[in-house]
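All values below come from the heavy atoms of this structure, side chains included, with hydrogens, waters and symmetry mates left out.
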Amino acid sequence: MNGLKAESLLVDRTDAVVTLTLNRPEAMNSFTVDLKEALRDTLAQLESDRSCRAVVLTGAGGNFSGGQDLKEHATLLAAGSTDLNTVQVHYNPIAQRLASMPKPVIAAVRGMAAGAGASLSLLADFRIGGPKTSFLMAFANVGLAGDSGISWSLPRIVGHARAVELLLLARPVKAEEASRIGMLTELLEDDEQVLPRAQELAARLAAGPTIAYGAIKRELSIGDAGTLSDALAAEAQAQAICGATADHSAAVNAFLNKQRPEYQGR
């Protein structure tokens with residue numbers, strides 16, 4: 001595995017899988033301006049990087065992320081910065097790129113995912129956790145509303161009523177409950193296997209028809225919120241794009257010849 005260290009964010013590539021590690025374990029991988037900018041800009045690069053066909057997002061040490069770094073935040077408040085423009089400048093672009101990434105995104109959620117950390121993990125296509133995994137929608141605990149896409153993702157995963165409960169009461173959701181209500185895609189018995197399992201799943205997906213995967217994600221984002229007509233139009237557009245790919249031709253030929261297709265992501 002080749003690694004590139006960028007201070008608070010580690011970027012590692014194994015074949016077509018890129019693993020992004022939030023690298024502030026001494027502070028529960030909480031988000032400083034540097035980390036937010038590194039994650040935002042790296043996701044933008046990966047979006048158009050055709051050699052990257054799946055992304056894993058994880059945290060260093062025993063936790064995924066504690067959310068916003070409140071020490072840095074308090075310093076900014078003391079300096080008179082009260083408009084919370086970090087939501088527009090950092091969190092919104094990160095959330096948008098995670099949700100619309102035209103390739104699979106897997107979150108390896110070890111330990112705590114709180115605040116914006118929870119929000120961003122819920123935008124992944126798959127979330128793998130272990131016995132110590134927990135989620136905390138901590139925003140109300142510090143007198144804030146939710147951000148980083150939580151008002152969009154959480155109701156879609158757990159339903160409106162449960163989302164109200166988790167956001168207003170800000171109570172921890174431990175691993176077993178998270179698995180039961182859909183916040184975790186897969187719950188493992190060993191925390192040490194969370195990242196390897198996420199990378200294994202990412203490698204499997206990276207070997208698949210990634211253009212089709214991206215098209216399916218776009219279809220679902222429209223179908224979730226739109227009308228049937230919107231969904232049908234999106235499906236027609238997606239099939240026109242996918243039907244013209246080399247991957248589709250290879251899969252059809254492999255089926256006819258009773259072979260296993262090899263996808264190239266084009």
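- If you run side-chain hydrogen bond (donor to acceptor under 3.5 Å, both in side chains) between Arg24 and each of Asp69, Asp34, Asn63, only Asp69 comes through.
- Counting all heavy atoms, side chain and backbone alike, Pro104 lies closest to Tyr213 at CG-CD1, 3.7 Å.
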Go through the steps to decide whether Thr210 and Leu205 satisfy the test side chain to side chain contact (heavy atoms under 4.5 Å, CB included), and finish with yes or no. CA-CA 7 Å; Thr210 46; Leu205 290 163; over 6 Å; no
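- Screening Gln193, Glu200, Gln199 against Arg197 for a side-chain hydrogen bond (donor to acceptor under 3.5 Å, both in side chains) leaves a single residue, Glu200.
- The CD atom of Glu219 sits 10.0 Å away from the CG atom of Leu232 when rounded to the nearest 0.5 Å.
- Applying the salt bridge (charged side-chain N to carboxylate O under 4.0 Å, His left out) test to Arg204 and every residue at least two apart in sequence or in another chain returns nothing.
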Taking it one step at a time, do Ser100 and Glu47 satisfy side chain to side chain contact (heavy atoms under 4.5 Å, CB included)? CA-CA 9 Å; Ser100 63; Glu47 189 174 66; 4.0 Å; yes
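- Phe64 approaches Thr58 most closely through the heavy-atom pair CE1-CA, 3.8 Å.
- At distances below 3.5 Å, at least one donor-acceptor pair connects side-chain atoms of Thr245 with backbone N or O atoms of His248.
- Here Ser121 contributes atom OG and Leu57 contributes atom CG; the two are 8.5 Å apart, rounded to the nearest 0.5 Å.
- Two different hydrophobic clusters hold Leu187 and Phe126 under the rule that ILVMFWY side chains link at heavy-atom gaps under 4.5 Å.
- Counting all heavy atoms, side chain and backbone alike, Gly208 lies closest to Tyr263 at O-CB, 3.4 Å.
- Residues Val55 and Val11 share a hydrophobic cluster, clusters being chains of Ile/Leu/Val/Met/Phe/Trp/Tyr side chains in contact below 4.5 Å.
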Begin from the C-alpha positions of Val89 and Arg40 and carry the test side chain to side chain contact (heavy atoms under 4.5 Å, CB included) through to its verdict. CA-CA 9 Å; Val89 174; Arg40 178 196 62 192; 3.7 Å; yes
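- Here the closest non-hydrogen pair linking Ala118 and Ala113 is CB-O, 3.3 Å.
- Checking side-chain atoms of Arg110 against main-chain N and O of Gly130 turns up no donor-acceptor pair under 3.5 Å.
- Annotation for Asp191 and Lys132: closest pair OD1-N, 3.1 Å, computed over non-hydrogen atoms.
- In this structure, Arg171 CZ and Ser134 OG are separated by 11.5 Å, a value rounded to the nearest 0.5 Å.
- Atom CG of Leu10 is separated from atom CG of Leu20 by 9.5 Å, given to the nearest 0.5 angstrom.
- Of all heavy-atom pairs spanning Ala108 and Val56, the tightest one is CB-CG1, 4.5 Å.
- Under a cut-off of 6.0 angstrom, the local environment of CD in Gln237 is sparse, with at most 12 non-hydrogen atoms contributed by other residues, nucleotides or ligands.
- Both Leu184 and Val173 belong to a common hydrophobic cluster when Ile, Leu, Val, Met, Phe, Trp and Tyr are linked at side-chain heavy-atom distances under 4.5 angstrom.
- With Ser153 as the partner, the side-chain contact (heavy atoms from CB on, under 4.5 Å) test is satisfied by one option alone out of Leu123, Leu98, Leu120: Leu123.
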Carefully, step by step, assess Glu177 and Lys174 under the rule salt bridge (Lys or Arg N to Asp or Glu O under 4.0 Å). CA-CA 6 Å; Glu177 181 185 3; Lys174 295 186 178 180; over 6 Å; no
Kindly determine whether Asp49 and Arg13 satisfy salt bridge (Lys or Arg N to Asp or Glu O under 4.0 Å), including the steps that lead there. CA-CA 12 Å; Asp49 182 355; Arg13 184 185 296 266; 2.8 Å; yes
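- Without hydrogens or angle criteria, Ser148 side chain to Ala95 main chain gives no donor-acceptor distance under 3.5 Å.
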What verdict does the side chain to side chain contact (heavy atoms under 4.5 Å, CB included) test give for Ile128 and Thr133, after you've listed the backbone C-alpha separation in whole Å, the side-chain angles of each residue and the deciding distance to 0.1 Å? CA-CA 9 Å; Ile128 312 298; Thr133 296; over 6 Å; no
